[in-house]
Amino acid sequence: MKVAVLVSGRGSNMQAILDACADSAYPAEVAVVISNIAGAPALERAENAGVKTVTIPHKDYPDRETFDQRVTEEIEAAGCELVVLAGFMRLLSEQFCEHWRDRLINIHPSLLPSFKGLDVHERMIAAGVRFGGCTVHYVRHEMDTGPIIAQAAVPIHPGDDADTLAARILEQEHVIYPLAVKWIAEGRVRISGEAVKVSGARAPVGALVNYQDA
Ligand code: GRF
C-alpha cells in the first residue's frame with residue numbers, strides 16, 4: 001500500500017514508519033513526504049531514505065481549502081491510498097477530511113479522548129494523572145477526534161517533567177504508528193460506527209498496546 005506522510009517538523013514518527021518499510025515483508029511503502037514548512041528536519045530524513053519530498057508552504061495559499069487541495073493533488077499524483085499525519089501542525093479543512101475519510105490517520109501523544117490539543121505533556125503532569133500514552137486514530141474534522149485504532153499507555157512518575165514524559169510516550173508512538181499502518185495495509189482494520197476492529201493482529205511484546213479484536 002502506498003502511503004503519503006504529512007509532516008511539519010522533526011519527523012521521528014515518519015522515521016519509525018520509514019524504518020519499518022525497510023523490511024521487505026512490511027506491507028506499506030512511503031511514496032511521498034509532504035511538508036508545509038520549508039527546511040523541516042523531516043524532509044532531510046525522508047531524502048536520506050530515498051523518498052520523494054514536496055514542500056507546500058501554507059503561506060503561499062489564500063485559504064485552507066486551496067492549500068489542502070494542493071496537498072491532495074500531490075498525494076493522488078503519488079498514487080497513495082493512505083494519508084499519515086506525523087507531526088503535521090496544520091488543521092485540515094472539512095473538505096480534506098471528507099475527501100480522505102477513513103484513509104487519513106493521525107498520532108496524538110495522549111490517551112484520547114483525554115488531553116486533546118497542544119501542550120499535552122505539561123497538562124497531564126499538572127492534572128496529576130497517573131498514566132499517559134498515545135493514540136493512533138482515523139481523522140475526523142474536529143481536532144483529535146475519530147475512531148481509535150490503537151493506544152499504548154505509559155506510567156507517569158513523580159519526578160517527571162514534560163520532557164521526560166514526552167520521551168517515554170514518543171518511544172511508544174514509534175511502536176504503535178508503524179503497527180497501525182501495517183494493520184491497515186494488511187486489510188485487518190474495519191471501522192464499525194465510531195469504533196475500530198482489528199482482526200487477527202498481534203501486539204508486540206514489551207509494550208502495553210491495546211486494540212479491539214474483530
Ligand atoms: C508527536 O508527539 C506526535 O504525537 C504529535 O506531534 C509529534 C511529532 O513528532 N502529533 P515527530 O515529528 O514525529 O518527531
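Order of listing sets the numbers, starting from 1, for every ligand and every atom in it. Numbers here are sequence positions counted from 1.
With respect to atom 10 (N) of ligand 1, the closest heavy atom belonging to the protein is Ile107 O, 2.9 Å. For atom 1 (C) of ligand 1, the nearest non-hydrogen atom of the protein is Glu173 OE1, 3.1 Å. Scanning the protein for heavy atoms near atom 9 (O) of ligand 1, the closest one is Arg10 NH2, 3.1 Å.
Atom OG1 of residue Thr135 and atom CD1 of residue Ile107 lie 8.0 Å apart, to the nearest 0.5 angstrom.
Of the options Ser12, Ser8, Ala40, Gly9, the smallest heavy-atom separation from atom 11 (P) of ligand 1 is shown by Ser12.
Remark: ligand 1 and Gly11 share an N or O pair separated by less than 3.5 Å (distance only, no angle test). The shortest N or O to N or O distance between Asn106 and ligand 1 is not under 3.5 Å.
Those atoms of ligand 1 with a heavy atom of Gly87 less than 4.0 angstrom away are 6 (O), 8 (C).
By the 4.0 Å heavy-atom criterion, Cys134 is excluded from the residues contacting ligand 1.
Under the 4.0 Å criterion applied to side-chain N and carboxylate O atoms, Arg190 and Asp102 are not assigned as salt-bridge partners. Salt-bridge annotation for Arg140 and Glu142: absent, with no side-chain N of the basic residue lying under 4.0 Å from a carboxylate O of the acidic one.
Geometric assessment of Arg101 against the ring of Tyr138 yields a negative cation-pi assignment under the 6.0 Å and 45° thresholds.
Contact annotation: the side chain of Val5 never approaches that of Ile34 to less than 4.5 Å [non-hydrogen atoms, C-beta and beyond].
A 6.0 Å sphere centred on CD of Glu65 holds more than 12 heavy atoms belonging to other residues, nucleotides or ligands.
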